[in-house]
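Heads up: the structure comes next, in structure tokens.
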Amino acid sequence: MALRQACCRGRPGRHLAGTGPVSDAPARPRRRASDAALTDWFAARGWRPAPFQREAWRRYLAGESGLLVTPTGSGKTLAALGGPLLQALALDDAPAKARRGVAAAPRLRLLWITPLRALAADTVRSMQEPIAALGVPWTVAMRTGDASARDKRLARKGLSDVLVTTPESFALMLSYPDAAQLLAGVRGVVVDEWHELLGNKRGVLLQLCLARLRGIVPAAPVWGLSATLGNLEEARDVLLPHRPDAPILQFARRRRMTLQTLLPNEGERFPWAGHLGLSQLARVAAVLQKARSSLLFTNTRSQAELWHRALQSVWLDDPKTLALHHGSLDASLRAAAEAGLRDGTVRCVVATSSLDLGVDFPAVDQVLQVGSPKGMARLWQRGGRARHRPGEAGKVICVPTHALELAEYAAARVALAHGRVESRPPLRLSLDVLAQHCVTLALGGGFEPAQLLEEVRGTHAFATLREEAWTAVLDFIVRGGGALENYPDYRRVIRDDDGCYRVHDRRVAFRHRLSIGTITSDGSVQVRYMKGGWLGSVEEAFISRLRPRERFQFAGKTLELVQLRDMTAFVRIAKAGEGRVPRWQGGRMPLSSELGAEVEAILHEPAESPEMRALQPLLDLQSRLSQLPGPDSLLVESIKTRQGWHLFVYPFAGRGVHEGLAALLALRWGREVPNTFSWAVNDYGLVLTAQSEAWPDAPLMQRLLTPEGLLDDLLASLNIAELARRQFREIARVAGLLPPSLPGRAARSLRQLQASSSLLFDVLRQHDPGHVLLAQAEREVMEAQLDVQHLKAVLTRCGERPLALRRPRSLTPLGFPLWAEAIRGQLSTEDWRTRVKRAAQQLEQRHARNA
DNA sequence: GACCTGCTGCGGGATG
């Protein structure tokens with residue numbers, strides 16, 4: 001992004017890339033770039049690279065690969081590598097030599113991969129100036145889905161010297177027969193924001209593509225740029241499996257970050273449960289008034305809509321200075337919000353993670369985080385958006401939505417001080433991605449299976465790929481597997497007489513290129529004005545419950561539904577009133593284990609902090625009624641209420657794990673004593689509610705918490721088949737079993753998609769139960785969704801710790817949010833609110849009496 | 001007087 005910061009202090013060149021004659025370029029030292037030559041070149045332009053940059057660049061010149069760790073939220077980071085790399089390439093005469101041959105000869109020298117289209121555009125922009133300064137007639141093209149026709153053409157024909165692209169577009173390049181030829185001149189690869197790809201299937205796709213590239217240009221250095229991670233060495237190994245000792249270079253020191261919490265006033269009642277935090281509206285509005293520009297981060301899209309609406313009602317400035325940004329808003333609206341921040345016409349943007357990522361806009365004066373940040377990486381990232389003076393620590397202002405979040409912030413402060421960040425575990429053996437990649441290569445000129453297997457095993461993701469799985473994948477792309485072979489649609493690849501696998505059918509080729517990539521999101525309804533103009537998308541389940549003329553709140557506006565047609569909701573601005581706010585089904589964002597452990601520790605031994613001081617009365621109540629949780633024991637509370645007999649357990653392991661744990665405990669307890677259990681979880685713990693009398697004792701708890709038989713019991717307690725059915729839809733999409741929606745045609749509804757994927761699932765289960773993708777779906781449920789490894793570790797730890805079994809006379813502060821969560825499913829929202837409110841008041845009264 | 005959970009990211013091509 002900010003390439004120019006590092007490499008453009010020199011005299012601007014006379015020629016823009018690609019426009020000037022070669023002979024006019026400033027004299028270049030010599031044909032082969034050397035360290036000394038570069039030093040001279042930089043010195044002549046008054047540019048002094050930082051030591052780590054010099055090191056990165058020296059290593060690059062030596063043909064090495066590596067990982068460059070750069071602080072989050074700093075635009076300068078790209079300069080770290082991009083500058084030296086461009087210089088080195090420019091000093092090397094080879095590109096000019098290549099051009100002296102046939103005019104159409106591929107010139108591609110540098111491949112730059114970023115996970116975001118917007119980042120690609122920024123990168124291209126920032127490269128223009130340094131390249132002009134170098135005085136080389138280079139073309140930089142962007143190859144992404146939204147690139148211009150010119151750029152696409154340049155990329156397609158290999159006529160650009162530098163190509164900035166996404167993993168998906170890179171894969172697409174490989175689907176053309178001339179890919180090897182186009183990439184043959186590549187002399188360097190940069191993978192930007194590698195941490196964003198490391199832990200997901202996009203990263204797996206990129207690993208495969210890079211392995212292919214290594215097959216074409218084995219010597220080309222590959223450099224990753226990554227934010228700090230808990231598993232940097234692993235990140236390096238995944239990117240560079242062929243260079244186990246590649247260097248990890250650290251960008252100077254990370255910026256310090258501090259945290260401030262908007263605390264409740266003395267004596268103020270503060271919610272014990274809830275996630276919205278609107279009770280803090282006045283305080284937040286006051287904080288926003290004080291700064292010129294702010295970002296207010298929320299955790300969910302509907303929360304962002306609600307906060308935007310609430311702020312609007314108290315906003316003193318021009319309403320236009322308050323903007324909204326989340327992933328379901330149309331790109332144009334998001335771009336408008338970003339532009340507003342850039343030109344100063346917007347003072348505050350309410351945003352979700354859509355603004356976490358690296359889009360280039362100037363830092364804002366302050367960053368606020370509503371509710372739990374859930375993990376340290378997110379907090380670093382969001383905090384990095386704030387403007388800092390050099391040497392000054394960054395700051396995040398935290399807005400608690402319920403009392404216990406105060407502890408979370410106090411814990412986060414400790415973790416920030418220690419510079420802790422989560423790991424991103426890389427995926428392994430995603431056979432759906434492998435199947436897609438194989439079809440891509442079959443399309444891109446074909447592949448020889450033994451050779452490809454070796455190449456694929458050269459990646460981190462498939463290093464342990466077994467022969468059977470490989471054969472199954474090949475079988476799958478050739479005939480869809482046993483049950484599907486009668487359907488021509490699934491016979492995509494043909495094994496030719498020479499033993500090579502190729503695609504011959506043009507329709508298959510077309511459909512495959514349309515469905516390249518691993519991001520699946522289907523079944524959303526586009527929202528647009530009657531007069532034209534797109535607003536974004538909402539979920540079918542939400543909009544289909546609205547009647548025409550009914551109002552709803554979306555994109556920061558009150559809209560009126562006119563009609564719903566072809567997966568498009570036509571709307572107009574409503575005259576008055578407020579409407580319902582859409583909800584989206586998204587990721588679950590559990591509290592990270594790092595932060596969870598920190599919370600547990602701080603509750604046990606409250607460090608001196610404003611948050612813990614504010615929380616003290618609540619902690620006192622917790623100790624009085626029961627006891628404080630802590631790392632040295634496992635707190636278990638059992639209580640009888642009108643709803644039944646509750647068992648509260650607090651492992652502080654995050655929602656995902658608690659979900660599995662709750663199901664497990666319910667099953668095991670039910671086995672011992674016939675009873676009916678329901679359960680609810682949050683990030684701190686879980687509650688089981690029994691219909692008949694049930695009091696746990698220590699031996700029972702030990703039996704419930706044994707790691708023995710975990711897998712079998714999990715399989716029995718959760719409807720794994722049903723979970724796998726849902727997981728299968730994504731896998732089937734990635735593997736190419738579901739037809740992509742064609743551009744220009746109405747999107748298929750979620751119901752249709754579910755029907756076709758569900759049907760496939762059933763057919764396969766019945767006729768081909770060993771199908772490679774079914775196994776994949778089950779594995780993903782166990783690993784990704786239930787996080788069995790983590791669950792097992794948590795269970796083991798629970799079993800090892802001495803049990804603190806308490807029977808408090810009323811709900812405790814820790815138990816209350818879980819209890820509220822448990823009865824939420826049973827009651828209407830209105831009843832639930834009343835009930836929770838009454839209960840909270842009773843508890844407080846009792847608390848006041850006893851105090 | 002309230003105490004509404006569920007993020008993000010990508011992607012076509014032949015023809016005029």
Side-chain angles (χ1 to χ4, degrees), chain A residues 114-120 143-147 149 152-153 156 165-172 175-176 193 196-197 199-203 205-206 268-281 297-306 325-328 351-359 370-372 374-375 378 381-382 400-403 436 506 509-521 539 580-581 583-590 655-656 682-683 733-734 740-744 816-817 820-821 824 828-830 832-841:
Chain A
T114 105
L116 293 171
R117 290 183 298 213
L119 209 53
R143 205 294 170 231
T144 61
D146 57 348
K152 282 189 180 175
R153 192 174 43 80
R156 179 69 199 85
T165 186
T166 58
E168 288 78 7
S169 287
F170 184 18
L172 208 50
S175 79
Y176 294 96
E193 309 253 3
E196 288 292 339
L197 300 167
N200 55 43
K201 287 189 182 176
R202 296 185 76 196
L205 184 69
L206 183 57
E268 177 184 338
R269 283 188 186 171
F270 202 70
W272 282 18
H275 306 277
L276 192 52
L278 281 177
S279 59
Q280 309 279 46
L281 179 61
F297 281 111
T298 65
N299 284 339
T300 71
R301 287 164 278 187
S302 62
Q303 198 179 17
E305 293 272 356
L306 283 159
H325 199 289
H326 62 70
S328 290
T352 62
S353 293
S354 52
L355 271 191
D356 279 2
L357 300 171
V359 182
V370 178
S372 164
K374 304 280 186 182
R378 186 174 287 104
Q381 184 85 40
R382 293 185 169 180
T401 64
H402 63 81
Q436 184 186 100
R506 282 181 55 206
F510 179 64
R511 278 181 34 168
H512 180 74
R513 293 202 172 106
L514 268 173
S515 54
I516 276 180
T518 64
I519 299 169
T520 57
S521 51
E539 287 189 358
R580 283 202 278 179
V581 175
R583 292 221 187 107
W584 289 265
Q585 295 289 315
R588 304 194 324 177
M589 284 200 291
R655 291 189 61 91
N682 64 16
D683 277 322
R733 230 290 278 136
V734 173
S741 52
L742 296 172
F816 185 80
E821 185 75 32
R824 195 158 60 94
S828 74
T829 310
E830 241 8 82
W832 180 74
R833 271 190 218 176
T834 329
R835 184 82 68 85
V836 171
K837 184 168 156 187
R838 195 172 351 125
Q841 276 166 355

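Each chain gets a letter, A, B and so on, in the order its sequence line appears, and its residues count up from 1. No experiment lies behind these values; they were computed from the predicted model shown.
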Worksheet item: Contact class for Arg143(A) (heavy atom, under 4.0 Å): base, sugar-phosphate, or nothing?
Response: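 Sugar-phosphate only.
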
Worksheet item: With sugar-phosphate meaning primed atoms plus P, OP1 and OP2, does His275(A) contact a base, only sugar-phosphate, or nothing at under 4.0 Å between heavy atoms?
Response: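 Base: the residue His275(A), judged by heavy atoms under 4.0 Å, touches a nucleobase.
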
Does the side chain of [X] get closer than 4.0 angstrom to OP1 or OP2 of [N] through an N or O atom?
| X | N | value |
| --- | --- | --- |
| Thr166(A) | dG11(B) | yes |
| Arg301(A) | dG6(B) | no |
| Arg202(A) | dC10(B) | no |
| Thr401(A) | dC3(B) | no |
| Arg733(A) | dG11(B) | no |

Worksheet item: Under 3.5 Å, is there a donor-acceptor pair between the side chain of Ser353(A) and the main chain of Asp356(A)?
Response: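 Looks like no, no N/O pair under 3.5 Å.
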
Discussion item. Taking Ser372(A)'s backbone N and O only, do any of them form a donor-acceptor pair with Asn299(A)'s side chain (distance below 3.5 Å, no angle check)?
Written reply: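 Between the backbone of Ser372(A) and the side chain of Asn299(A) there is a qualifying donor-acceptor contact (under 3.5 Å).
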
Select one nucleotide: of [options], the one nearest the side-chain heavy atoms of [X].
| X | options | answer |
| --- | --- | --- |
| Ile519(A) | dA2(B), dG12(B), dG9(B) | dG9(B) |
| Phe510(A) | dG9(B), dT8(B), dG12(B) | dG12(B) |
| Ser302(A) | dG9(B), dG6(B), dG11(B) | dG6(B) |
| Thr144(A) | dG11(B), dG12(B), dG6(B) | dG11(B) |
| Trp584(A) | dC7(B), dG11(B), dT5(B) | dC7(B) |
| Arg583(A) | dG1(B), dG6(B), dC10(B) | dG6(B) |
| His326(A) | dC7(B), dG12(B), dT8(B) | dT8(B) |
| Ser354(A) | dG12(B), dC4(B), dT8(B) | dT8(B) |

Fill in: Pairwise side-chain contact, Leu276(A) with Thr401(A), heavy-atom cut-off 4.5 Å (strictly under)
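With C-beta onward as the side chain, the pair stays apart.
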
Item to complete: Check whether the side chains of Ser175(A) and Arg513(A) place a donor and an acceptor atom closer than 3.5 Å, and report yes or no.
Response: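 Yes, a side-chain donor-acceptor pair sits under 3.5 Å.
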
Discussion item. Can you confirm whether the side chains of Arg301(A) and Ser328(A) place a donor and an acceptor under 3.5 Å from each other?
Written reply: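 Checked: Arg301(A)/Ser328(A) side chains pair up, N/O donor to acceptor below 3.5 Å.
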
Between protein and nucleotides 14-16 of chain B, what N or O pairs are separated by less than 3.5 Å?
none

Rounded to the nearest Å, what distance is computed from the [atom1] atom of residue [X] to the [atom2] atom of nucleotide [N]?
| X | N | atom1 | atom2 | value |
| --- | --- | --- | --- | --- |
| His402(A) | dC3(B) | NE2 | P | 14 Å |
| His512(A) | dG11(B) | NE2 | C1' | 11 Å |
| Glu196(A) | dT8(B) | CD | P | 12 Å |
| Gln303(A) | dG6(B) | CD | C1' | 9 Å |

Fill in: Comparing Gly145(A) and Ser353(A) on DNA chain B - which has the more 5′ nearest nucleotide
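Counting from the 5' end, the first nearest nucleotide belongs to Ser353(A).
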
Worksheet item: Start at the 5' end of DNA chain B and walk down; is the nucleotide closest to Gly517(A) or to Thr300(A) reached first?
Response: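 Its nearest nucleotide being more 5', the pick is Thr300(A).
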
